[in-house]
There are 2 protein chains.
Amino acid sequence: MIKVAVTDDHPLMAEGIRNVLFGNDKIQLTASWHRAIDTLEDQALEHIDVLFLDINLPDMSGIDLCKALMEKYNRLRVIAITSHQESWFLKNMMKAGAKGFLLKSASPKIILEAIITVCRGKEYIQSEMKDLLLSESLNQTTKAPIIPKLTRREQEVLQLISEEYTTQEIADKLFISTKTVETHRQNLTLKFGVKNSVGLVRVALEMGLL
Amino acid sequence: MIKVAVTDDHPLMAEGIRNVLFGNDKIQLTASWHRAIDTLEDQALEHIDVLFLDINLPDMSGIDLCKALMEKYNRLRVIAITSHQESWFLKNMMKAGAKGFLLKSASPKIILEAIITVCRGKEYIQSEMKDLLLSESLNQTTKAPIIPKLTRREQEVLQLISEEYTTQEIADKLFISTKTVETHRQNLTLKFGVKNSVGLVRVALEMGLL
DNA sequence: AGAAAAATGGGGGAAAACCCTGAGTTTTTT
DNA sequence: AAAAAACTCAGGGTTTTCCCCCATTTTTCT
């Protein structure tokens with residue numbers, strides 16, 4: 001008997017997985033949470049074999065939660081689920097210890113396959129994502145694979161840039177010189193590996209930092 | 001007996017709703033589609049009472065699909081479902097003829113309530129969204145309520161801007177002058193009501209145009 | 001206490017974006 | 001065929017961003 005759980009802020013997602021597993025006597029959905037903190041605190045995880053984990057949680061990024069879970073429960077297998085078809089996501093989740101990666105558009109067949117595969121100790125990555133990785137590596141446009149760690153000031157500046165403020169306006173708001181704002185902006189583009197503020201806002205939005 | 005259908009590119013969403021309705025002998029899920037085109041072409045919609053419609057579909061925006069459906073099947077009630085908690089979405093869906101609006105985080109109880117309410121000819125808007133509308137009107141920061149209609153060229157330019165290309169590079173790619181690109185950029189910022197390219201990319205991403 | 005990281009700020013210049021006005025051409029719609 | 005919309009391009013200017021170089025002070029971590 002394989003015990004499965006779900007952490008996703010959309011209850012329908014848990015219902016969907018429950019339904020997929022319905023009638024299967026070898027795999028059972030035994031728990032579901034909506035927030036990262038609930039997941040971390042519930043001792044029931046001790047006995048879970050496979051956790052489906054969404055990346056977009058209200059209180060913590062799925063990546064950080066995955067890291068924390070892997071430290072605490074080394075027996076647990078995490079399958080990341082997301083609707084965003086982006087490679088930096090996959091790379092970070094795998095780095096954080098996830099064993100599987102599925103899109104929310106996955107079919108019931110795929111979901112069962114993934115559960116069984118990770119239980120056997122192997123990785124399971126949906127073929128659509130593999131294709132994406134391949135095409136990206138061919139395009140050599142692979143983006144910075146990690147989520148950059150931003151300082152407090154950088155976050156503030158990034159936020160204001162995304163709100164369409166100019167360097168001068170940001171400097172006034174933060175009571176610093178325009179030169180300092182420019183330095184932060186420069187460091188941000190370096191950290192994100194982008195060419196300009198547009199890229200900055202785009203990747204920050206895609207990473208859920210704004 | 002109320003007949004319900006779902007159009008959502010995430011199969012799990014349909015499974016979730018199916019599960020919510022399981023055991024209910026007055027409401028039945030009788031069909032589900034993943035793409036807008038499939039929904040439009042299926043004559044089965046003639047006999048559907050309530051359609052749950054996601055806004056993010058692979059081939060057409062849910063808003064356009066809703067409009068098309070309302071013209072074709074005036075008996076049909078559409079309930080929009082989305083994970084994005086944004087008001088322009090709601091306004092446009094309602095304008096397009098939707099009778100209900102739910103977040104994907106809706107509970108089974110809410111879902112049943114919504115189905116019954118729209119069947120009685122009334123509108124159903126989830127309370128979270130009502131709160132959002134209220135707070136936005138208080139903040140007087142209501143964004144441009146309509147999705148601007150972009151021309152083909154404007155979409156192309158917008159896409160390239162979001163990919164961090166400069167005006168010169170965009171001009172080269174499209175075989176037009178930099179001045180023309182600037183004009184398109186200018187028109188885009190006017191249509192979106194933003195101050196610069198950063199705002200352009202931000203709202204376009206939020207509206208799901210990129 | 002010492003090292004590392006973060007935050008601050010400057011000069012100067014090149015590139016790009018932004019803003020305005022105007023106008024001809026092509027495509028689509030009525 | 002006429003009108004409307006979309007696409008095209010230009011001059012000429014201002015503002016902002018971007019990109020080097022560099023340095024000092026403040027905060028945080030070990």
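Quick note on labels: first sequence line is chain A, next is B, and so on, each numbered from 1. It should be emphasised that the depicted structure is a prediction, and the values quoted were computed from it without experimental measurement.
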Could you pull out all residues at least two apart from B:Q168 that satisfy side chain to side chain donor-acceptor pair (under 3.5 Å)?
-> B:D172
Check B:L103, B:I111, B:L53, B:L102 against B:I81 for a side chain to side chain contact (heavy atoms under 4.5 Å, CB included) and give me the one that passes.
-> B:L102
Enumerate the residues from residues 154-171 of chain A whose closest heavy atom to DNA chain C is under 4.0 Å, giving them by residue number; use none for an empty result.
-> none
Qualifying residues under side chain to side chain donor-acceptor pair (under 3.5 Å), relative to B:Q155, sequence neighbours excluded | none
Run the numbers on A:E164 and B:R202 for salt bridge (charged side-chain N to carboxylate O under 4.0 Å, His left out), then give the verdict.
-> CA-CA 9 Å; A:E164 300 168 54; B:R202 185 174 51 76; 2.8 Å; yes
Between NZ of B:K191 and P of D:dA5 the distance, given in whole Å, is 11 Å
Give me, pair by pair, the N or O atoms of the protein and of nucleotides 24-30 of chain D that are less than 3.5 Å apart, along with how far apart they are.
none

Shortest non-hydrogen pair, B:L21 vs B:L112, comes out as CD2-CD2, 3.6 Å
Please report, rounded to the nearest Å, how far the C1' atom of D:dC7 is from the CZ atom of B:R152.
-> 9 Å
Could you tell me, to 10°, how much the axis swings from one end of the helix from C:dA1-D:dT30 to C:dT30-D:dA1 to the other, five pairs per end?
-> 80°
Residues in side chain to side chain donor-acceptor pair (under 3.5 Å) contact with B:N187, at least two apart in sequence or another chain = none
For A:R75, enumerate each residue passing the salt bridge (charged side-chain N to carboxylate O under 4.0 Å, His left out) test, keeping only those at least two apart in sequence or located in another chain.
-> A:D49
Give the minimum heavy-atom separation between B:S197 and B:I161, together with the two atoms involved.
-> CB-CG2, 4.0 Å
Can you list the residues that meet the side chain to side chain donor-acceptor pair (under 3.5 Å) rule with B:T180, with sequence neighbours excluded?
-> B:S177
Does C:dA17 have OP1 or OP2 sitting under 4.0 Å from an N or O in the side chain of B:S197?
-> no
Is any side-chain nitrogen or oxygen of B:H184 closer than 4.0 Å to OP1 or OP2 of D:dT8?
-> yes
Checking all strands, does B:T151 fall into the base, sugar-phosphate, or nothing category for heavy-atom contacts under 4.0 angstrom?
-> sugar-phosphate
Could you point out which residue of B:L65, B:V4, B:L76, B:V6 forms a side chain to side chain contact (heavy atoms under 4.5 Å, CB included) with B:L51?
-> B:L76
Sorted by chain and residue number, the salt bridge (charged side-chain N to carboxylate O under 4.0 Å, His left out) partners of B:E154 (sequence neighbours excluded) come out as B:K191
Could you give the CZ-to-C1' distance, from A:R185 to D:dT16, as a whole number of Å?
-> 8 Å
Set of salt bridge (charged side-chain N to carboxylate O under 4.0 Å, His left out) partners for B:R185, sequence neighbours left out = none
Counting any heavy atom closer than 4.0 Å, what does B:S177 reach on the DNA or RNA strands: base, sugar-phosphate only, or nothing?
-> sugar-phosphate
Would you mind reading off the distance between B:N187 atom CG and D:dA6 atom C1', rounded to a whole angstrom?
-> 10 Å
Rounded to the Å, how far apart are B:L200 CG and D:dT16 P?
-> 18 Å
For A:Q186 and A:E182, does a side-chain donor sit closer than 3.5 Å to a side-chain acceptor?
-> no
For A:K195, salt bridge (charged side-chain N to carboxylate O under 4.0 Å, His left out) partners two or more places apart = B:E169
Integer-rounded Å distance: D:dT16 P and A:D172 CG | 11 Å
Produce a footprint string for nucleotides 19-30 of chain C: one letter per nucleotide, 5' end first; B if the base is under 4.0 Å from any protein heavy atom, S if only the sugar-phosphate is, - if neither.
-> B-----------
